[in-house]
Undergrad: 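Right, I'll just put the structure down here and ask away after.
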Amino acid sequence: MPTINFHSLLVFSVFFRVALILYGEWQDTHLEVRYTDVDYLVFSDAASYMAVGDSPYKRTTYRYSPLLAFLLIPNSFIHRSWGKFLFSASDILVGYFIHYILKKRKVPENLSNYSVMTWLFNPFTFTIGTRGNCEPIVCALVLWIIICLMNGYVVQSAFWYGLVVHFRIYPIIYSIPILLVLDPSCFQSGQKPVLRIWSAVEGDKPKDGDKCCSLYNLLKSIFTRDRLTFGLISGGVFLLCTGLFYHLYGWEFLHEALLYHLTRTDPRHNFSIYFYHIYLNYGNNTSMVERLISFLPQFVVQLVLIFSLAQDLPFCLFVQTVAFVAFNKVITAQYFVWFFCLLPLILPWSKMKLKWQGLSCILLWIGAQTHWLLWGYLLEFKGKNVFLQLWAAGLLFLAANVFVLVMTIRHHRYASIFRSVEHANSKNMAKLK
Amino acid sequence: MEASRCIPCISLLRGILLIWFPVCCLLGQALSSEMGGSADSNSVNRDANPSCDFNQFLTQSYYERFNSLDDHDFDTFISLEIPCGIYEVLPDNYKSILEVSNLQRNLIGEGSHRQLSTSIKFQTQPANSVSERISYSCQLIILERLPSGVFADPFELEHLVQRGVFRDVAVFGDTNLELPSFLSNRSAVEIHLDVDPNILDHSADINLELPLHARYQPLNESGYSTVKFGNPDVIVRCSTKENVKNQRCFFKATSDDTNMNGDDIVWRIPCGRKAHAQLVSTFTFVAALLSTIVIVCTTSSCHSNLRLYKGRKQA
């Protein structure tokens with residue numbers, strides 16, 4: 001494999017994104033079809049309301065935290081592309097964070113750079129930031145939380161975690177694995193946690209008896225200092241933000257930014273297998289049993305993944321996010337970025353070869369998506385009634401997601417992120433003797 | 001592109017109406033005092049006379065009186081609320097310049113996003129004295145009452161105004177872009193176009209295209225839902241350049257003599273079939289269940305392999 005320099009990668013990515021943003025401005029002005037995402041215009045309008053002291057929720061379909069509108073206030077007086085530059089900068093920051101995490105775990109430089117490239121040169125990711133979507137900020141926050149945990153800064157990670165859950169609700173699924181990873185044997189007062197470094201050796205399973213998490217272990221030591229600290233601070237930050245914005249913007253904030261996302265059922269077509277079921281039953285009262293049944297697969301899968309894989313934190317978060325998106329009631333393309341930012345963190349530990357295991361995953365996943373998009377095009381732009389075929393394409397997409405998940409789990413070299421401190425110390429002492 | 005269809009002629013009872021500024025103002029005052037008791041949040045110009053502002057939207061006045069779009073109420077509003085009381089008569093030649101001789105309607109495009117195109121042809125007139133014609137500046141107001149099931153995106157229309165396609169445009173009524181049609185109300189679009197009376201002498205066509213989007217339709221056994229469009233109301237609003245305040249008139253440009261072609265415009269929108277409900281619900285949940293089982297089995301087997309390996313290592 002040819003050697004690549006990380007800094008040149010980063011510089012190239014920066015220039016590429018700037019060029020894309022400039023191109024986007026040109027396309028918006030000269031062509032009928034806009035490059036900029038509709039959501040970006042929503043954020044900008046909400047920010048302009050906020051800039052004059054009004055509520056950002058005066059803008060219909062603004063369903064985000066007021067913090068986002070606040071960040072985009074300069075759109076009104078610097079330039080309307082300020083937000084795009086901010087999101088693309090977060091995008092680059094994610095690349096930098098990935099590099100930092102892999103370097104900390106002593107992944108070889110080349111492998112690390114190739115992994116970072118799967119983020120920096122992923123067409124999903126560079127278009128999303130340059131089109132004005134806010135997901136790169138969330139990804140940067142999630143990675144920063146992982147970095148804080150790796151460096152043992154529990155309080156800081158709790159603060160940012162509370163903030164990211166306020167910003168976007170989905171990271172709540174990371175709460176249990178993070179709490180599990182704050183194991184007292186790894187996190188001891190006055191000491192930084194010891195990271196498990198990368199190893200190329202096949203079958204190098206943990207030899208130092210790190211605690212594979214189990215329900216029993218969890219219950220035995222559930223109320224440790226670090227876990228309580230994390231829970232209280234992140235919960236406190238979340239409630240503080242919610243309280244503050246409720247005080248400023250009232251019920252509208254609660255409904256648009258929080259409750260809407262929790263109860264969202266969109267009958268309009270999207271990748272989810274549930275969309276047609278929701279459309280056919282829209283307006284009918286769904287019984288509690290039905291609602292429970294639709295929530296159960298998501299719930300069960302998340303729990304099983306968490307309690308089996310939590311100690312390998314980046315991997316656990318990755319598979320959780322893929323499963324969460326796949327089983328969600330609504331799936332839009334921007335949700336894919338949530339797990340794309342975690343993918344580079346697990347690639348160095350994957351036993352999958354690009355040919356043909358890796359390629360089969362990529363091709364199947366993209367193929368299933370393209371297949372869905374074709375039916376979606378027929379429905380939306382040709383006006384043909386292909387609801388049933390579109391729904392079936394959604395089922396195929398779920399199957400592709402499950403295939404990718406299964407392949408990833410089976411070919412992953414499980415490596416917990418932390419090593420227990422006593423064993424690390426005893427190992428060092430054995431070396432000295 | 002669909003072939004042009006004919007629109008039936010409008011009622012004989014509607015004639016050309018001429019309204020002069022003083023009468024507008026009188027009516028405006030009457031309307032605003034009537035509205036005084038209603039729970040209307042738009043209180044900015046309550047005491048001003050809405051119709052006296054050249055940029056006022058007529059539909060806004062309608063919605064200030066009525067809560068939702070009803071064809072009968074709207075027809076009444078157009079015919080009666082724009083008063084034909086005491087007014088000065090426009091010069092005959094001027095009036096007839098701005099009469100619409102032909103109105104063609106068309107629905108362009110396929111799928112859920114189409115354009116409603118309207119082609120307006122004004123009557124050709126014998127040459128008039130130049131001094132009379134250039135003294136007026138006019139605005140064409142097209143009032144489009146959208147049927148339930150389609151909507152116009154106000155932000156898209158704003159973009160068109162920025163690009164200079166329309167002078168001004170506004171959407172009234174239900175502007176929620178996301179709800180299906182059985183949970184939303186009708187909306188109305190008012191488009192303002194600047195019109196130079198001088199060019200009308202050459203029997204120019206005015207073409208405009210209104211981008212529209214389909215809502216999700218209620219379920220139907222045939223798999224398609226049909227939405228029919230009616231006729232727009234075309235109103236001309238003119239003012240003299242010398243004295244904008246005192247001389248302004250509205251009149252309905254379409255009349256008995258307007259040639260409006262035949263059938264209604266019809267839009268077929270795909271919709272879900274109730275017959276699919278059982279099949280879809282069953283297989284959706286079966287798929288979710290199967291996926292769950294596969295993931296749980298894979299994770300558990302990998303997890304138990306791991307514990308087995310560690311157990312052997314420690315032994």
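Below, chain A is the first sequence line, B the second, and so on; all start at residue 1. Worth saying up front: this structure is predicted, and the values here are computed from it rather than measured.
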Undergrad: Below 4.5 Å from any heavy atom of chain B, which atoms of A:L296 appear? Answer side chain, backbone, both or neither.
TA: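 Contact with chain B involves no heavy atom of A:L296 at all.
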
Undergrad: Hey, are A:K58 and A:E252 close enough for a salt bridge, meaning a charged N less than 4.0 Å from a carboxylate O?
TA: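 Salt bridge absent between A:K58 and A:E252.
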
Undergrad: Can you tell me which portion of B:L290 sits under 4.5 Å from chain A's heavy atoms? Options are side chain, backbone, both or neither.
TA: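 It is neither, since no heavy atom gets under 4.5 Å.
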
Undergrad: Check whether A:Y276 gets within reach of chain B through its side chain, its backbone, both or neither, counting any heavy atom under 4.5 Å.
TA: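 It is both, since atoms from each part get that close.
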
Undergrad: Measure the spacing between CG of B:L210 and CD1 of B:I191 and express it to the nearest 0.5 Å.
TA: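 The CD1 atom of B:I191 is 4.5 Å from CG of B:L210, to the nearest 0.5 Å.
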
Undergrad: Only pairs of heavy atoms separated by less than 4.5 Å count here; which of B:T299, B:T292, B:V280, B:L279 has the most with chain A?
TA: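 Max contact count across the listed options: B:V280.
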
Undergrad: Kindly say whether the aromatic ring centers of B:H276 and A:F387 come within a distance under 6.0 Å.
TA: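 Aromatic pair excluded; centres sit 6.0 Å or further apart.
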
Undergrad: Among the options A:V386, A:V38, A:V406, A:N385, pick out the one with the most heavy-atom pairs lying under 4.5 Å from chain B.
TA: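 If we count pairs closer than 4.5 Å to chain B, A:N385 comes out on top.
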
Undergrad: Quick one: which of B:C271, B:S301, B:P218 has the most heavy-atom pairs under 4.5 Å with chain A, could you say?
TA: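 Looking at each of B:C271, B:S301, B:P218 in turn, B:C271 comes out on top.
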
Undergrad: For A:T29, is it the side chain, the backbone, both or neither that has a heavy atom under 4.5 Å from a heavy atom of chain B?
TA: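 Contact with chain B involves no heavy atom of A:T29 at all.
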
Undergrad: Looking only at heavy atoms, what is the nearest atom pair of A:L280 and B:L219, with distance?
TA: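 Minimum heavy-atom contact is O-CD1, 3.5 Å.
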
Undergrad: Tell me which of these, A:V402, A:L405, A:L388, A:N401, has more heavy-atom pairs under 4.5 Å with chain B than the rest.
TA: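 The residue among A:V402, A:L405, A:L388, A:N401 with the greatest pair count is A:L388.
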
Undergrad: Hey, which of B:S291, B:G223, B:G272, B:S281 has the most heavy atom pairs under 4.5 Å with chain A?
TA: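 The answer is B:G272.
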
Undergrad: Within the structure provided, determine whether A:R196 and A:I417 are in side-chain contact (heavy-atom separation under 4.5 Å).
TA: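 They are not in contact (no side-chain heavy atoms under 4.5 Å apart), so the answer is no.
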
Undergrad: Where the side chain of A:D28 meets the backbone of A:T36, is there a donor-acceptor pair that is under 3.5 Å apart?
TA: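 Pair found, side chain donor or acceptor close to backbone of A:T36.
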
Undergrad: Using a cut-off of under 4.5 Å for heavy-atom pairs, which of A:E290, A:R410, A:E380 has the most such pairs with chain B?
TA: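 Highest number of heavy-atom pairs under 4.5 Å: A:E380.
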
Undergrad: Can you tell me which portion of A:D312 sits under 4.5 Å from chain B's heavy atoms? Options are side chain, backbone, both or neither.
TA: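 Neither part, no heavy atoms under 4.5 Å.
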
Undergrad: Non-hydrogen atoms of chain A under 4.5 Å away: do they reach the side chain of B:F283, the backbone, both or neither?
TA: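 Contact with chain A: backbone and side chain both.
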
Undergrad: Sort A:Y282 into side chain, backbone, both or neither according to what part of it lies under 4.5 angstrom from a heavy atom of chain B.
TA: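 Looking at A:Y282, backbone and side chain both touch chain B.
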
Undergrad: Establish, yes or no, whether a centroid distance under 6.0 Å links the rings of A:Y57 and A:H255.
TA: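 Centroid separation for A:Y57 and A:H255: 6.0 Å or greater.
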
Undergrad: Hey, would you say the A:F381 and B:H113 ring centroids sit under 6.0 Å apart?
TA: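 Between B:H113 and A:F381, which both carry aromatic rings, the centre distance is below 6.0 Å.
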
Undergrad: When you check the gap from the basic side-chain N to the acidic O, do A:R34 and B:E156 get nearer than 4.0 Å?
TA: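 Answer for the salt bridge query: no.
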
Undergrad: If I measure from the heavy atoms of chain A, does B:C297 come under 4.5 Å with its side chain, its backbone, both, or neither?
TA: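 Neither part.
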
Undergrad: Please classify the contact of A:I273 with chain B as side chain, backbone, both or neither, using a heavy-atom distance under 4.5 Å.
TA: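 Both the backbone and the side chain of A:I273 come within 4.5 Å of chain B.
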
Undergrad: Side chains of A:H412 and A:K351, heavy atoms from C-beta outward: is any pair under 4.5 Å?
TA: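 SC-SC contact between A:H412 and A:K351 ruled out.
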
